[in-house]
Structure formats: structure tokens, C-alpha cells
Asks: 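I'd like to ask you about the structure that follows.
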Amino acid sequence: MPEGHSVHRLARQFQDVFGGRSLDVSSPQGRFASGAELLSGHTMVEAKAHGKQFFLRFDHELFLHVHLGLYGAWSFGGDSSFTGASSIGAPRRIGERESGSAAEGGEYAGPPEPVGAVRVRLVSDHGWADLRGATTCAAVTAAEAQAVLDRLGPDPLHNRGGDRDEFIRRLRRRKTAVALLMMDQSVLAGVGNIYRAEVLFRQAVDPWTPGSSIDAGTAGRLWDDTVATMSDGVRDGRIVTTPPTLWTGGGAVAPDADAHFVYKRDGMPCRACGTLVGMTEIGARKLYWCPGCQV
């Protein structure tokens, strides 16, 4: 599932290429036909993300609400002014690196014929975007959009005043294992399996520690490190949590195999202590951790 940094990058891309433009909205697949009719012909005013939830606000105060889920992805194309990643969504490889530019070679002649089950297509005078495989795709009112936001915890990529203290409060009031709380979107919005594993390792926190047993200082460090690592992900377009000193090959970019401390490194020596990295399931998701460092 795409983590919060990808959804924030998605919002930036939409704002850049569609902000202030009238959009033709359609549903080639047909499942979103009624919603597309409500939005088509209106101007997209704002694209915003909170955690893994994505919203496009139109000038008549209806929103397109999308949650990509496990398999959702957006594809883009257009003329030379329509720039950005050509696909943002479900990770195609470890590290969630995105692909190329959305600008198409040659003269732009409009969007291509839809390929596959395109839930919604957005078209401006300069480019297009297609959504496939999303868990949620709905036209909603401002009140309905706010109701979604009200169910979420603070987003580290907003990091607004009071967010850090609110995260600490939400984490420490629960007896649930911190590994589950870090992916509970009502506690912390936007964190997925990779950031959960990596931040817990970087802060040497036992994944099974109850939230109520974590002191405020440790909880604050979890927030701060999540802010830092996810901000790096927004900047770089991929998740890298290791320092350059651990990258092989001497390059300026981390090879995929060196990008993480514990995620998908089960059975391999910990980069810090040499203990074999463990893997188990918790909450129906795989958890990676170091039994030597995280005690």
C-alpha cells in the first residue's frame, strides 16, 4: 500500500498540473459514472492529502475522494508543460521509486484510449490522469470529506502546532502494541509497513511494547523521526532510511538493497548489531525488527 509520502507527492503533482483548470471527468470503466457527472466541467481548486487519504476540491465545493488501498495507482500524460512522475501509487518495487516524466514525446494529441479498468479519467487542455485499482473513489461534499478527516490522527507531513503532543496523547492512552498503533490511522495518519518498521528500529523500540508503557520522551522521538523520514520520502520519491555510510557502490543514491535497516531483511544480519533480523505477523501484516537492538 502506498504510504503517506506518496499521497502527498500525488497532491503536489495534481496541484501543479491541474490546479485552476477545468477538467473533463469520466469513468471509462463505468463504476464511477454518476460521480464523474457531478464533477465534470468544474475547475479543480485544490489538491490535498492527509495520511493516505487524497482529496481534490472543485469550485462548486464537491470533492473527489480517493484512497489508493493496496493496488491503486494514478497514471499521467500530457504535453511538455505537464510534468511530474508518470505513475504514482502502489509500489512497483522496494523503495516505492516512481517512474519518469509525465510529458509525452512528440506532439500531444489528447489522452490515449483507456487501458484496463480505469475508474476515473481527468482531462485538461494540457494532460490527463487515469486512476485504477483504488479502494475508494467517490464524489463527496465538504461535510463528508471533513468526516473522513475527523477520524484520522495527526499527519507527520503536516506537523502542525499541537500535532506532536496529540500523537503522544493518542499513543500513550492505549495498551495496544506500539507496532499496531504506529499503523493505526486514528493515531498516526500516513504511516505504513515500511515506515513503521524502520522508525521503531531507528528509535530502538520493542514493537510489542504497549503504547501506555512508552514514556512521553520516547513517543516524541517516534513522532520526530517519522516527520524526518517521511519528509525525506516526499523529497526523494522513495523510502530511504539508512545513512550514506551504509550504501554500497559509493554512489549518491542508495541502492534498493541498502535503503532500509530491517524492512524485508528478515534472516539477514542487523546493520547495527549483527543479530539476524526477525519477521512475524502482527495485525495481519508482516513486521520486521531486530531482536538485538529493539529490546
Asks: Determine whether a donor-acceptor pair (N or O, by modelled atom type, separation under 3.5 Å) exists between the side chain of S124 and the backbone of H126.
Replies: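 Answer holds: yes.
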Asks: Do E46 and F63 have side chains that approach each other closer than 4.5 Å (heavy atoms only, starting at C-beta)?
Replies: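 Not in contact.
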Asks: How close do A219 and L171 get, heavy atom to heavy atom, and via which atoms?
Replies: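 Smallest interatomic distance, heavy atoms only, reads CB-CD2, 3.7 Å.
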Asks: Might you point out which heavy atoms bring P291 and T275 nearest each other, and give the distance in Å?
Replies: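 Between these two residues, the closest heavy atoms are CD-CG2, 4.1 Å.
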Asks: Given side chains that start at C-beta, do those of V66 and L68 come closer than 4.5 Å, heavy atoms only?
Replies: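 A side-chain contact under 4.5 Å exists here.
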Asks: Closer than 3.5 angstrom, by distance alone: can the side chain of R265 be matched with the main-chain N or O of F261 as a donor-acceptor pair?
Replies: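 It does hold such a pair.
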Asks: Of R160, H8, K52, Q53, which is the lone residue that meets side-chain hydrogen bond (donor to acceptor under 3.5 Å, both in side chains) with D155?
Replies: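 So the option named by the test is H8.
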Asks: More than 12 foreign heavy atoms under 6.0 Å from CZ of R173: is that the case here?
Replies: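 Yes - once you tally the heavy atoms of other residues, nucleotides and ligands closer than 6.0 Å, there are more than 12.
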Asks: At what distance, to the nearest 0.5 angstrom, does CG of L122 lie from OG of S26?
Replies: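 Nearest 0.5 Å value for the CG-OG distance: 8.0 Å.
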Asks: Please lay out, stage by stage, how L222 and V199 fare under the test side chain to side chain contact (heavy atoms under 4.5 Å, CB included).
Replies: CA-CA 7 Å; L222 289 174; V199 169; 3.8 Å; yes
Asks: Under the 3.5 angstrom rule, does the side chain of S27 hit a backbone N or O of R119 as a donor-acceptor pair?
Replies: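 Side chain of S27 to backbone of R119: a pair is present.
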Asks: Would a 4.5 Å heavy-atom cut-off, applied to side chains only, mark D165 and R169 as touching?
Replies: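 They are not in side-chain contact.
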Asks: Pair R164, I168 - check side chain to side chain contact (heavy atoms under 4.5 Å, CB included), show working.
Replies: CA-CA 6 Å; R164 186 178 192 269; I168 293 171; 4.1 Å; yes
Asks: For residues 241-252, which side-chain donor-acceptor pairs fall under 3.5 Å, sequence neighbours excluded?
Replies:
from : atom 1 : to   : atom 2 : distance (Å)
T241 : OG1    : E198 : OE1    : 2.4
T241 : OG1    : A259 : O      : 3.4
T242 : OG1    : W247 : NE1    : 3.0
T242 : OG1    : D258 : O      : 2.6
T242 : OG1    : A259 : O      : 3.4
W247 : NE1    : T242 : O      : 3.4
W247 : NE1    : P243 : O      : 3.2
T248 : OG1    : D258 : OD2    : 2.7

Asks: Below 3.5 Å, can you tabulate the donor-acceptor pairs from side chains in residues 177-197 to any protein atom, sequence neighbours excluded?
Replies:
from : atom 1 : to   : atom 2 : distance (Å)
D184 : OD1    : S186 : N      : 2.9
D184 : OD1    : S186 : OG     : 2.6
D184 : OD2    : R174 : NH1    : 3.4
D184 : OD2    : R174 : NH2    : 3.3
Q185 : OE1    : G190 : N      : 2.8
Q185 : NE2    : M183 : O      : 3.3
Q185 : NE2    : V191 : O      : 3.2
N193 : OD1    : R196 : NE     : 3.4
N193 : OD1    : R196 : NH2    : 2.6
N193 : ND2    : K286 : O      : 2.8
R196 : NH1    : A179 : O      : 2.5
R196 : NH2    : K286 : O      : 3.4

Asks: Taking everything shown except E37 itself, do over 12 heavy atoms lie less than 6.0 Å from its CD?
Replies: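 Open.
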Asks: Of all the heavy-atom pairs spanning K175 and S212, show the shortest one and how long it is.
Replies: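 Here K175 and S212 meet closest at CG-OG, 3.6 Å.
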Asks: Quick one: does S40's side chain have a donor or acceptor within less than 3.5 Å of a partner on V25's backbone?
Replies: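 Side chain of S40 to backbone of V25: a pair is present.
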Asks: The test is side chain to side chain contact (heavy atoms under 4.5 Å, CB included); show your working for D206 and W289 and say whether it passes.
Replies: CA-CA 8 Å; D206 182 341; W289 88 107; 5.7 Å; no
Asks: Might you point out which heavy atoms bring A272 and C293 nearest each other, and give the distance in Å?
Replies: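 Minimum heavy-atom contact is CB-SG, 3.9 Å.
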Asks: Rounded to the nearest 0.5 Å, what separation is found between the CG atom of L200 and the CD atom of Q294?
Replies: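 The distance works out to 6.0 Å.
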Asks: Any side-chain heavy-atom pair from R12 and V234 closer than 4.5 angstrom?
Replies: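 They are in side-chain contact.
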Asks: With no hydrogens and no angle check, just 3.5 Å: does a side-chain donor-acceptor pair link D215 and T218?
Replies: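 The answer is yes; a qualifying pair exists.
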Asks: Tell me every residue that passes ring pair (Phe, Tyr, Trp, His ring centres under 6.0 Å) with F55, counting only those two or more places apart in sequence or in another chain.
Replies: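 Only H65 meet the ring pair (Phe, Tyr, Trp, His ring centres under 6.0 Å) criterion with F55.
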Asks: Please check this pair: side chain of R132 against backbone of V115, looking for a donor-acceptor N/O pair closer than 3.5 Å.
Replies: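 Indeed, once roles are kept as given, a pair shorter than 3.5 Å links the two residues.
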Asks: A side-chain contact here means heavy atoms from C-beta on lying under 4.5 Å apart; do W208 and T280 qualify?
Replies: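 Yes - at least one pair of side-chain heavy atoms lies under 4.5 Å apart.
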Asks: Determine, using the 4.5 Å side-chain heavy-atom cutoff (strictly less than), whether V118 and L131 are members of one ILVMFWY cluster.
Replies: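 Per the 4.5 Å side-chain linkage, V118 and L131 are not co-clustered.
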Asks: Is a side-chain donor or acceptor of H60 paired with a backbone partner of L38 at a separation under 3.5 angstrom?
Replies: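 Side chain of H60 to backbone of L38, a donor-acceptor pair under 3.5 Å: yes, one is there.
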Asks: Can a donor-acceptor pair be found, under 3.5 Å and without considering hydrogens, that links the side chain of E144 to the backbone of T141?
Replies: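 Between the backbone of T141 and the side chain of E144 there is a qualifying donor-acceptor contact (under 3.5 Å).
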Asks: Any salt bridge between E166 and R170, counting N to O under 4.0 Å?
Replies: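 Looking at R170 together with E166, the answer is yes, because their closest N to O distance falls below 4.0 Å.
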Asks: Answer yes or no: is there a side-chain heavy-atom contact under 4.5 Å between L157 and S231?
Replies: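 Counting from C-beta outward, L157 and S231 do come under 4.5 Å.
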Asks: Once you round to the nearest 0.5 Å, how far does CZ of F58 lie from CG of L39?
Replies: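 Reported value, rounded in 0.5 Å steps: 5.0 Å.
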Asks: Hey, could you give me each pair passing ring-ring contact (aromatic ring centres under 6.0 Å, His included) that has a residue in residues 215-246? Not counting sequence neighbours.
Replies: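 As it turns out, the ring-ring contact (aromatic ring centres under 6.0 Å, His included) pairs with a partner in residues 215-246, which skip direct neighbours, are F167-W223.
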Asks: Treating Ile, Leu, Val, Met, Phe, Trp and Tyr as nodes and any side-chain heavy-atom pair under 4.5 angstrom as an edge, say whether L149 and V140 lie in one connected cluster.
Replies: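 Hydrophobic grouping puts L149 with V140.
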Asks: Could you tell me which non-hydrogen atom of C290 sits nearest to which non-hydrogen atom of V262, and how far apart they are?
Replies: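 In this case the closest contact between C290 and V262 is N-CG1, 4.2 Å.
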Asks: Using the rule given for side chain to side chain contact (heavy atoms under 4.5 Å, CB included), can you reason through C137 versus L64, listing the C-alpha separation, both sets of side-chain angles and the distance that settles it, and then say yes or no?
Replies: CA-CA 7 Å; C137 177; L64 175 63; 4.1 Å; yes
Asks: When you measure from the side chain of R271 to the backbone N and O of H260, does any donor-acceptor pair fall under 3.5 Å?
Replies: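 Checking the backbone N and O of H260 against the side chain of R271, a donor-acceptor pair under 3.5 Å is found.
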Asks: To the nearest 0.5 Å, what is the distance between CG (D59) and OG (S22)?
Replies: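 Nearest 0.5 Å value for the CG-OG distance: 8.0 Å.
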Asks: Tell me every residue that passes ring pair (Phe, Tyr, Trp, His ring centres under 6.0 Å) with F14, counting only those two or more places apart in sequence or in another chain.
Replies: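 With sequence neighbours excluded, F14 shows a ring pair (Phe, Tyr, Trp, His ring centres under 6.0 Å) to F18, F54, W74, F76, given in chain and number order.
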Asks: Does D163 have any salt bridge (Lys or Arg N to Asp or Glu O under 4.0 Å) partners at least two apart in sequence or in another chain, and if so, which?
Replies: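 Partners of D163 under the salt bridge (Lys or Arg N to Asp or Glu O under 4.0 Å) test: none.
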Asks: Just so I know, are the side chains of L10 and Q15 near enough to count as touching, which here means a heavy-atom distance under 4.5 Å?
Replies: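 Of all side-chain heavy-atom pairs linking Q15 with L10, none is under 4.5 Å.
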Asks: Taking the side chain from R57 and the backbone from E61, do they hold a donor-acceptor pair closer than 3.5 Å?
Replies: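 Looks like no, no N/O pair under 3.5 Å.
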Asks: Which atoms form the tightest heavy-atom contact between P2 and G69, and what is the distance?
Replies: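 Shortest heavy-atom contact: CD-O, 3.1 Å.
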Asks: When rounded to the nearest 0.5 angstrom, what is the spacing between CG in L56 and CE in M44?
Replies: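 So the CG of L56 and the CE of M44 are separated by 5.5 Å.
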Asks: Distance-only, no hydrogens or angles: does the R172 side chain make a donor-acceptor pair with backbone N or O of I214 under 3.5 Å?
Replies: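 At least one qualifying donor-acceptor pair exists.
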Asks: Check whether any side-chain heavy atom of L23 sits under 4.5 Å from a side-chain heavy atom of V123, and report yes or no.
Replies: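 Heavy-atom side-chain distance check fails, nothing below 4.5 Å.
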Asks: For the atom pair OG1 (T226) and CZ (R221), what is the distance rounded to the nearest 0.5 Å?
Replies: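 These two atoms lie 12.5 Å from each other.
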